[in-house]
Protein chains: 2
Amino acid sequence: MSAERNTRQRRTIRDVVERADRPLSTDEILAGAHATIPSLGRATVYRSIRALLDEGWLTAVDIPGRTSLYERAGKAHHHHFECTQCKRVYELDGCASEIRGELPAGFVATGHGVMIFGACAACSRLSR
Amino acid sequence: MSAERNTRQRRTIRDVVERADRPLSTDEILAGAHATIPSLGRATVYRSIRALLDEGWLTAVDIPGRTSLYERAGKAHHHHFECTQCKRVYELDGCASEIRGELPAGFVATGHGVMIFGACAACSRLSR
DNA sequence: TTTCTTGCAAAAGTTTTGCATCTAA
DNA sequence: TTAGATGCAAAACTTTTGCAAGAAA
């Protein structure tokens with residue numbers, strides 16, 4: 001078992017994620033942490049992300065064709081919306097979808113993820 | 001505009017995808033194509049995948065924490081199921097989910113993707 | 001002290017590109 | 001012919017690892 005040490009870099013990375021209002025990329029986490037600890041290395045970001053994922057503090061948000069984004073876990077169940085024009089990813093409050101049965105016999109579902117694509121308010125206004 | 005040439009390698013790659021009953025990785029596509037054209041290079045696979053995606057013949061299936069898989073586009077709308085034990089990805093017939101309104105004002109949805117996680121028939125039987 | 005963590009750099013895995021050659025049209 | 005496609009190798013990215021040095025506990 002691991003002993004989970006409370007280091008300055010780990011604390012800083014948690015802060016960066018905590019303060020963000022949207023899922024962040026590893027680069028954004030690194031940049032945010034650099035503001036506090038300029039010497040913090042990229043490997044530490046990856047190692048911390050893995051530790052925080054294992055710990056269940058963080059969750060990965062996967063967007064087709066991009067590297068993973070990460071956000072604080074433990075929020076109310078929600079999904080994501082990617083604007084196909086400006087590429088921003090938004091969090092949608094609540095679970096706007098309903099997953100119904102329809103699984104093959106013997107299959108057991110334990111979770112799901114939903115990604116909705118479209119145009120966000122700003123972009124849909126522009127294209128009208 | 002591009003002229004889309006009907007080459008032997010492009011034809012072979014289409015065949016491999018067409019024959020598969022599940023989404024394939026680039027390695028699986030390469031391996032499958034090698035059976036017909038041993039000299040076919042990895043770069044050709046990537047270039048073909050991109051061309052076929054642009055053309056709308058192929059679609060990418062993104063699974064968290066893995067490289068993308070690809071499947072024939074134009075099938076009936078469906079989603080995917082990943083067995084968290086054996087890691088196999090299955091296609092689910094039909095759209096077993098229902099995406100309800102609940103988008104912020106001004107947002108317009110044009111599509112969605114659903115990924116369901118759990119245990120497939122074989123694995124859930126074993127763990128019982 | 002002891003053991004986990006960090007930084008750096010090197011390594012590994014994946015996808016893209018440059019370029020000479022080849023080939024479908 | 002001739003513009004697009006291919007193969008190979010090198011380059012570009014992203015993520016992981018080895019190791020010596022640093023820092024929690």
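Chain naming here is simple, since letters A, B, ... match the order of the sequence lines and numbering starts at 1 in each.
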**Request:** Give the angle between the helix axes at the two ends of the helix from C:dT1-D:dA25 to C:dA25-D:dT1, taking five base pairs at each end and rounding to 10°.
**Result:** 40°

**Prompt:** Does anything in residues 51-64 of chain A pair up under side-chain hydrogen bond (donor to acceptor under 3.5 Å, both in side chains), and if so which pairs, sequence neighbours excluded?
**Reply:** A:R14-A:E55, A:D62-A:S68

Indicate if [X] and [Y] have the same hydrophobic cluster label, given that clusters are the connected sets of ILVMFWY residues with side-chain heavy-atom separations under 4.5 angstrom.
| X | Y | answer |
| --- | --- | --- |
| B:L24 | B:Y46 | no |
| B:L69 | B:L30 | no |
| A:Y70 | A:I13 | yes |
| B:V45 | B:L58 | yes |
| B:V114 | B:Y90 | yes |

Which donor-acceptor pairs under 3.5 Å do side chains of residues 34-42 of chain A form with protein atoms, sequence neighbours excluded?
{"unit_1": "A:H34", "atom_1": "NE2", "unit_2": "A:P38", "atom_2": "O", "d": "3.4"}
{"unit_1": "A:H34", "atom_1": "NE2", "unit_2": "A:L40", "atom_2": "O", "d": "2.7"}
{"unit_1": "A:R42", "atom_1": "NH2", "unit_2": "A:D27", "atom_2": "OD1", "d": "2.4"}

**Item:** Separation of D:dA5 C1' from B:E55 CD (nearest whole Å)
**Value:** 14 Å

**Prompt:** Roughly how many Å is it from CG in A:D54 to P in C:dC4, rounded to a whole number?
**Reply:** 15 Å

**Request:** Output the residues of residues 41-50 of chain A in contact with DNA chain C, where contact means a heavy atom of the residue under 4.0 Å from an atom of the strand; sort by number or write none.
**Result:** A:G41, A:A43, A:T44, A:R47

**Message:** Which residues in residues 23-34 of chain A have a heavy atom closer than 4.0 Å to any atom of DNA chain D?
**Reply:** A:T26

Calculate, to the nearest 0.5 Å, the distance between atoms [atom1] and [atom2] belonging to [X] and [Y] respectively.
| X | Y | atom1 | atom2 | answer |
| --- | --- | --- | --- | --- |
| A:R47 | A:R50 | CZ | CZ | 9.0 Å |
| A:M115 | A:H79 | CE | NE2 | 11.0 Å |
| B:I49 | B:T44 | CD1 | OG1 | 11.0 Å |
| A:L52 | A:I29 | CG | CD1 | 8.5 Å |
| B:C83 | B:I116 | SG | CD1 | 13.0 Å |
| B:D21 | B:R72 | CG | CZ | 15.5 Å |

Using nucleotides 20-25 of chain D, report all nitrogen or oxygen pairs with the protein that are shorter than 3.5 Å.
{"unit_1": "D:dA24", "atom_1": "N3", "unit_2": "A:R5", "atom_2": "NH1", "d": "3.3"}

